[in-house]
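Letters A, B, ... are given to chains in the order of the sequence lines, protein chains preceding strands, and every chain is numbered from 1. What you see below is based on every heavy atom in this structure, not just the backbone, and it leaves out hydrogens, waters and symmetry mates.
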Protein chains: 2
Amino acid sequence: MELKEALDTLKDTGVRITPQRHAILEYLISSMSHPTADDIYKALEGKFPNMSVATVYNNLRVFREVGLVKELTYGDASSRFDFVTTHHYHVICESCGKIVDFHYPGLDEVEHLASHVTGFKISHHRMEIYGTCPDCASKEAH
Amino acid sequence: MELKEALDTLKDTGVRITPQRHAILEYLISSMSHPTADDIYKALEGKFPNMSVATVYNNLRVFREVGLVKELTYGDASSRFDFVTTHHYHVICESCGKIVDFHYPGLDEVEHLASHVTGFKISHHRMEIYGTCPDCASKEAH
DNA sequence: ACACTATTTATAAAGATTATAAAGTAAGAA
DNA sequence: TTCTTACTTTATAATCTTTATAAATAGTGT
């Protein structure tokens with residue numbers, strides 16, 4: 001179970017497990033989506049009426065530092081957060097914003113060439129693919 | 001000359017050529033960097049002491065809509081703007097923020113597979129490569 | 001249960017971007 | 001060239017996301 005593993009990761013790195021952290025992780029894992037900090041804040045309003053937005057941001061930062069969560073910055077206003085499972089890319093609908101996971105073997109070759117050409121020591125890369133999802137495509141066609 | 005072509009593009013699409021627009025384009029082309037809106041604003045302060053930040057933002061949006069400029073959104077606070085010449089990717093130093101252009105044949109295969117797996121109609125993709133530049137690498141090593 | 005320290009909360013502050021309305025100006029028409 | 005009109009710019013305020021601060025609260029090992 002992913003939640004248990006995530007909590008173990010926190011324990012191992014000496015991060016305290018608070019009810020808020022538990023709930024945020026649970027939401028990230030179960031929602032199967034790529035929520036913004038505000039999405040999470042709103043989703044947990046019922047359970048934690050007094051939780052501060054800062055708590056959401058603080059904990060997302062902690063999770064990111066520990067490697068449990070990845071922050072996705074697209075063109076729009078706010079970051080999205082993705083619980084890290086296996087390495088995958090995202091396909092994003094430009095019309096409705098839907099994000100679909102997409103597995104693809106790592107682009108090691110690109111990193112090697114980049115390293116060779118620029119002299120950088122490469123650590124990682126990011127890639128996203130943009131287009132129109134089937135739903136929006138059929139709507140456009142009437 | 002790139003500036004002339006850019007101005008022609010504006011004329012063709014019915015976008016008025018104002019001194020501010022001229023100067024912003026000129027700066028984007030000649031600076032050879034990837035400035036933020038504020039960088040541009042500051043760089044043109046001398047020539048246009050009364051120019052408003054809103055003008056910079058408005059025109060960068062116009063340029064983007066016309067296809068002259070690409071907006072780059074990374075993790076940090078503000079967007080960077082890149083004058084579109086040929087298709088290329090960016091290699092970014094995680095230590096000092098330097099951005100180096102990197103040419104690589106388009107990843108058509110990735111787009112095809114993504115289209116096949118998700119049913120999306122793919123329009124484009126973005127990719128960036130992260131690492132440490134030679135300067136920062138040598139500093140780290142003393 | 002205690003003590004220590006990290007965390008949460010509430011609030012304010014910072015920073016980037018956008019909205020608004022009045023004044024100004026580019027570009028084609030007369 | 002001058003006129004006219006719609007588009008731009010300016011100045012300012014508002015909005016939105018994210019971070020900083022300080023006091024109150026609550027995990028965790030002993």
Side-chain angles (χ1 to χ4, degrees), chain A residues 6-27 34-66 68-81 97, chain B residues 6-27 34-66 68-81 97:
Chain A
L7 294 174
D8 284 347
T9 302
L10 291 187
K11 203 173 259 175
D12 290 349
T13 41
V15 174
R16 287 188 188 166
I17 298 167
T18 66
Q20 294 88 338
R21 284 179 178 159
H22 192 285
I24 293 173
L25 276 179
E26 198 171 19
Y27 180 74
H34 307 77
T36 64
D38 198 57
D39 290 337
I40 299 170
Y41 177 62
K42 288 208 172 63
L44 300 181
E45 238 174 6
K47 220 183 249 178
F48 297 89
N50 294 324
M51 184 166 64
S52 167
V53 233
T55 299
V56 178
Y57 279 100
N58 286 339
N59 289 330
L60 288 171
R61 174 157 30 84
V62 169
F63 296 158
R64 189 190 54 203
E65 285 165 359
V66 170
L68 282 177
V69 158
K70 237 176 129 179
E71 181 171 359
L72 315 172
T73 58
Y74 304 133
D76 56 346
S78 43
S79 289
R80 288 158 182 288
F81 296 87
Chain B
L7 294 174
D8 284 346
T9 301
L10 290 187
K11 204 174 259 176
D12 291 349
T13 40
V15 174
R16 286 188 188 166
I17 298 167
T18 66
Q20 293 88 341
R21 282 179 180 160
H22 192 285
I24 293 172
L25 275 179
E26 199 171 18
Y27 180 75
H34 307 78
T36 63
D38 198 57
D39 289 338
I40 299 171
Y41 177 63
K42 288 208 172 62
L44 301 180
E45 239 173 6
K47 219 184 252 178
F48 297 89
N50 295 322
M51 186 165 65
S52 167
V53 234
T55 299
V56 178
Y57 279 101
N58 286 338
N59 290 330
L60 287 172
R61 175 157 29 83
V62 169
F63 296 157
R64 189 190 54 203
E65 285 166 359
V66 170
L68 283 177
V69 159
K70 237 176 130 178
E71 182 172 0
L72 314 171
T73 58
Y74 304 134
D76 56 345
S78 43
S79 290
R80 286 156 184 289
F81 295 87

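- Once rounded to the nearest 0.5 Å, the distance linking CZ of R80(A) with CG of D39(A) reads 6.5 Å.
- Taking the salt bridge (Lys or Arg N to Asp or Glu O under 4.0 Å) definition, one finds that E71(B) meets it with R64(B), sequence neighbours left out.
- Taking atom CD1 of residue I24(B) and atom P of nucleotide dT9(D), one finds them 8 Å apart after rounding to whole Å.
- Annotation: side chain of F63(B) is in contact with side chain of L10(B) (closest heavy-atom distance under 4.5 Å).
- Distance, H22(A) NE2 to dT7(C) P: 16 Å, rounded to whole Å.
- When the side chain to side chain contact (heavy atoms under 4.5 Å, CB included) test is applied to S78(A), the partners found at least two apart in sequence or on another chain are T36(A).
- Residue L25(A) holds its CG atom at 9.0 Å from CD1 of I17(A), rounded to the nearest 0.5 Å.
- Between Q20(A) and dT9(C), a side-chain N or O to OP1/OP2 separation shorter than 4.0 Å is present.
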Check the interface with nucleotides 26-28 of chain C: list each N/O to N/O pair with the protein under 3.5 Å, or write none.
from    : atom 1 : to     : atom 2 : distance (Å)
dA27(C) : OP1    : I17(B) : N      : 3.1

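- We find that CG of L10(B) is positioned 10 Å from P of dT8(D), with the value rounded to whole Å.
- Distance, L60(A) CG to dT7(C) C1': 15 Å, rounded to whole Å.
- Proximity of L60(B) to I40(B): side-chain heavy atoms (C-beta onward) are separated by under 4.5 Å at one or more points.
- Between L44(A) atom CG and T55(A) atom OG1 the span is 11.0 Å, to the nearest 0.5 Å.
- If you take CG of N59(A) and C1' of dG27(D), they are 13 Å apart, rounded to a whole angstrom.
- Remark: M51(B) CE to N59(B) CG distance equals 8.5 Å, nearest 0.5 Å.
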| note | A correct 5'-to-3' footprint of nucleotides 18-24 of chain D, with B, S and - meaning base, sugar-phosphate only and no protein heavy atom under 4.0 Å, is BBB----
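- Rounded to the nearest 0.5 Å, atoms OH (Y57(B)) and CZ (F81(B)) are 7.0 Å apart.
- Atoms OH (Y41(B)) and P (dT17(C)) sit 14 Å apart, rounded to a whole Å.
- Side chains of V15(B) and R21(B) form a contact here, defined as non-hydrogen atoms less than 4.5 Å apart.
- Rounded to a whole Å, the CZ atom of R80(B) is 11 Å from the P atom of dT17(C).
- For the helix from dA1(C)-dT30(D) to dA30(C)-dT1(D), the rotation axes defined at the first and last 5 base pairs enclose an angle of 40°, given to the nearest 10°.
- In this structure, the CG atom of L7(A) is 10 Å from the P atom of dT28(D), given to the nearest Å.
- The salt bridge (Lys or Arg N to Asp or Glu O under 4.0 Å) search around D38(B) returns K42(B), not counting sequence neighbours.
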